[in-house]
Amino acid sequence: QMQVVESGGGLVQTGGSPRLSCVVAGRAFSSNAMGWFRQAPGKEREFVATISGGGAHTYYAGSMKGRCTISRDNAKRTVFLQMNSLKPEDTAVYYCAARNGVYASSNHRDYDYWGQGTQVTVSS
């Protein structure tokens, strides 16, 4: 079992650069790929970024490519999502998720443990 807790959301202005953090407790962390997803009101949950267990491989959604960076510190059991140049349409609840496997994935069905989410609101 793993517990996933996000932090770092809040109200930011257009063009802002918040950094989200995700701390994972429980079983071994470096054997788990991690992902960030988001869900805006009235919309489906969508993929943002993912990173492999060792951190060597990262993938991004087209809408966020070039505007965010996912990274991880396995010693601290933490994953980060650095976002830049945010737009009002990036407003959503951002979720961190862990999967039982080292390979990164953009499919939310591949993930086994989810956090409660952190709200990011981008003001225009």
Side-chain angles (χ1 to χ4, degrees):
Q1 193 72 14
M2 303 182 79
Q3 294 77 45
V4 179
V5 180
E6 307 95 335
S7 62
L11 178 64
V12 299
Q13 293 185 335
T14 295
S17 301
R19 186 175 81 158
L20 306 183
S21 298
C22 170
V23 178
V24 180
R27 50 172 286 179
F29 179 62
S30 61
S31 60
N32 299 92
M34 300 294 297
W36 285 97
F37 296 80
R38 68 184 183 183
Q39 188 167 18
K43 294 188 177 181
E44 297 288 320
R45 187 169 299 191
E46 65 173 357
F47 166 70
V48 176
T50 180
I51 187 167
S52 59
H57 303 283
T58 58
Y59 303 97
Y60 299 92
S63 60
M64 292 298 291
K65 200 168 186 178
R67 298 196 296 125
C68 73
T69 302
I70 188 171
S71 61
R72 64 191 297 160
D73 183 336
N74 284 351
K76 296 183 178 179
R77 306 178 65 87
T78 303
V79 177
F80 304 98
L81 184 68
Q82 176 68 54
M83 297 189 286
N84 304 303
S85 304
L86 286 188
K87 309 171 186 178
E89 51 264 44
D90 295 315
T91 294
V93 177
Y94 284 72
Y95 296 92
C96 179
R99 68 174 304 209
N100 289 326
V102 299
Y103 297 108
S105 173
S106 62
N107 189 337
H108 66 90
R109 296 181 180 85
D110 288 337
Y111 289 83
D112 303 284
Y113 308 99
W114 291 81
Q116 293 298 306
T118 185
Q119 175 72 46
V120 175
T121 302
V122 185
S123 63
S124 58

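- The two residues Gln119 and Thr91 make their nearest non-hydrogen contact at NE2-CG2, 3.9 Å.
- Cation-pi check for Arg67 over Tyr60 is not met; the charged atom does not lie both under 6.0 angstrom from the ring centroid and within 45 degrees of its normal.
- Under a hydrophobic-cluster definition in which Ile, Leu, Val, Met, Phe, Trp and Tyr are linked whenever side-chain heavy atoms come within less than 4.5 Å, directly or via other members, Val122 and Leu81 are assigned to the same cluster.
- Using a 4.5 Å cut-off between side-chain heavy atoms of Ile, Leu, Val, Met, Phe, Trp and Tyr, with links allowed through other members, Val120 and Val4 fall into the same hydrophobic cluster.
- Remark: side-chain polar atoms of Asp112 are not paired, donor with acceptor, to backbone N or O of Gln1 under 3.5 angstrom.
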Query raised in the report: Can Asp110 and Ser105 be said to form a side-chain hydrogen bond (donor to acceptor under 3.5 Å, both in side chains), step by step?
Result: CA-CA 7 Å; Asp110 288 337; Ser105 173; 2.5 Å; yes
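- Nearest heavy atom pair, residue Ser123 against residue Gln13, reads OG-CA, 3.5 Å.
- Side chains of Phe80 and Ser71 form a contact here, defined as non-hydrogen atoms less than 4.5 Å apart.
- Pro18 approaches Gly8 most closely through the heavy-atom pair CB-O, 4.4 Å.
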Query raised in the report: Checking side-chain contact (heavy atoms from CB on, under 4.5 Å) for the pair Met83/Leu20: CA distance, chi angles, key distance, verdict?
Result: CA-CA 8 Å; Met83 297 189 286; Leu20 306 183; 3.8 Å; yes
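- What you find for Ile70 and Met34 is that their closest heavy atoms are CD1-O, 4.2 Å.
- The minimum heavy-atom distance linking Lys43 with Gln39 is given by the pair O-NE2, 3.0 Å.
- Placement of Phe29 and Tyr113 within a single hydrophobic cluster is found when ILVMFWY residues are connected by side-chain heavy-atom separations under 4.5 Å, directly or transitively.
- In this model, a donor atom of one side chain and an acceptor atom of the other lie less than 3.5 Å apart for Tyr94 and Arg38.
- In this structure, SG on Cys96 lies 4.5 Å from CH2 on Trp36, to the nearest 0.5 angstrom.
- Closest heavy-atom contact between Thr118 and Gly9: OG1-N, 3.1 Å.
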Report task. Assess whether side-chain contact (heavy atoms from CB on, under 4.5 Å) is satisfied between Ser52 and Val102, documenting all intermediate values. Result -> CA-CA 5 Å; Ser52 59; Val102 299; 5.7 Å; no
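- Between Trp114 and Phe37, the distance from one ring center to the other falls under 6.0 angstrom.
- Around the CD atom of Glu89, the shell of radius 6.0 Å holds more than 12 heavy atoms that belong to other residues, nucleotides or ligands.
- Panel note: side chain Thr78, backbone Lys76; a donor-acceptor pair is recorded below 3.5 Å.
- Rounding to the nearest 0.5 angstrom, the gap separating the CE atom in Met64 from the OG1 atom in Thr69 is 9.5 Å.
- Counting only N and O atoms by type, the side chains of Thr50 and Tyr111 include a donor and acceptor under 3.5 Å apart.
- In this structure, Thr14 OG1 and Lys87 NZ are separated by 10.5 Å, a value rounded to the nearest 0.5 Å.
- The CD1 atom of Ile51 sits 6.5 Å away from the OG1 atom of Thr58 when rounded to the nearest 0.5 Å.
- Both the sub-6.0 Å distance and the 45° axial angle are satisfied by Arg45 relative to the ring of Tyr95.
- For the atom pair CG (Asn32) and CZ (Arg27), the distance works out to 5.0 Å, reported to the nearest 0.5 Å.
- Linking ILVMFWY residues whenever their side-chain heavy atoms come closer than 4.5 Å, directly or via other members, leaves Val23 and Val48 in distinct clusters.
- For the atom pair CG (Leu86) and OG (Ser17), the distance works out to 6.5 Å, reported to the nearest 0.5 Å.
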